[in-house]
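This is a predicted model, so every value here is computed, not measured.
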Amino acid sequence: NPQVSALRQGVDVLIGTPGRLRDFLDSGITNLRRCSYVVLDEADRMLDMGFEPQMRAILGQVRPDRQTLMFSATWPKEVRALARDFQKDAAFLNVGSMELSANHN
C-alpha cells in the first residue's frame, strides 16, 4: 500500500524489478509516459533470468526521446541487441577486457 500511495501521488524517481514494475503498469497504478531517463543495471543478468519480455514491454511504454543507460558486467549478443533496439546514437564504454565472461558457478 505505501508504494501504491506514493506512485499515485507522483514520483520523480522510480526504481524497481521488471516484474514489480510490470505489475504497477498493468494495473494502471502508474505509467511511464513522462519518463525521460531510463537506467538498466545488470542488463545481462536480467536477460539470463528470462526478463527480456518484461524489459521490452516496460521500455515500449517509455517516451521515444528518452535517454537510456545500460550497465552490464558482460556484453553478450542479447544485450547488444537490446542496446540497438532501445538506444539512439549509442555510445559504448568498455572498462577492462572484452574477453572476460561471468563465472556461472
Given the rule that I, L, V, M, F, W and Y join up when any side-chain heavy atoms are under 4.5 Å apart, are L69 and M55 in one cluster?
no
Any pair with a residue in residues 29-43 that passes side-chain hydrogen bond (donor to acceptor under 3.5 Å, both in side chains), sequence neighbours left out, goes on the list, sorted by first then second residue, please.
none
Can you see which heavy atom on Q54 is nearest to which on P18, and at what distance?
CB-CB, 3.9 Å
For T68, which residues count as a side chain to side chain donor-acceptor pair (under 3.5 Å) partner, sequence neighbours excluded?
R66
Considering residues at least two apart in sequence or located in another chain, which fulfil the side chain to side chain donor-acceptor pair (under 3.5 Å) criterion with D26?
R22
Working to the nearest 0.5 angstrom, can you tell me the gap between L40 CG and I58 CD1?
8.5 Å
May I ask whether L25 and V39 are part of the same hydrophobic cluster, defined by side-chain heavy atoms of I, L, V, M, F, W, Y residues being less than 4.5 angstrom apart, directly or through others?
no
Members sharing I15's hydrophobic cluster (side chains within less than 4.5 Å)
V13
Is there a path from F71 to L59 through hydrophobic residues (I, L, V, M, F, W, Y) whose side chains come within less than 4.5 Å of each other?
no
Might you point out which heavy atoms bring A43 and M70 nearest each other, and give the distance in Å?
CB-CE, 3.9 Å
State which residues pass salt bridge (charged side-chain N to carboxylate O under 4.0 Å, His left out) with D85; sequence neighbours excluded, sorted by chain then number.
R56
Is R45 atom CZ crowded by more than 12 heavy atoms from other residues, nucleotides or ligands, each under 6.0 Å away?
no
Working to the nearest 0.5 angstrom, can you tell me the gap between L14 CG and L21 CG?
5.5 Å
Quick one: side chain to side chain donor-acceptor pair (under 3.5 Å) partners of Q3, sequence neighbours excluded?
R20
For the hydrophobic clusters of this structure (ILVMFWY residues joined by side-chain heavy atoms under 4.5 Å, transitively), does one cluster hold both V38 and L7?
yes
S5 side chain to N1 main-chain N or O, any donor-acceptor pair under 3.5 Å?
no
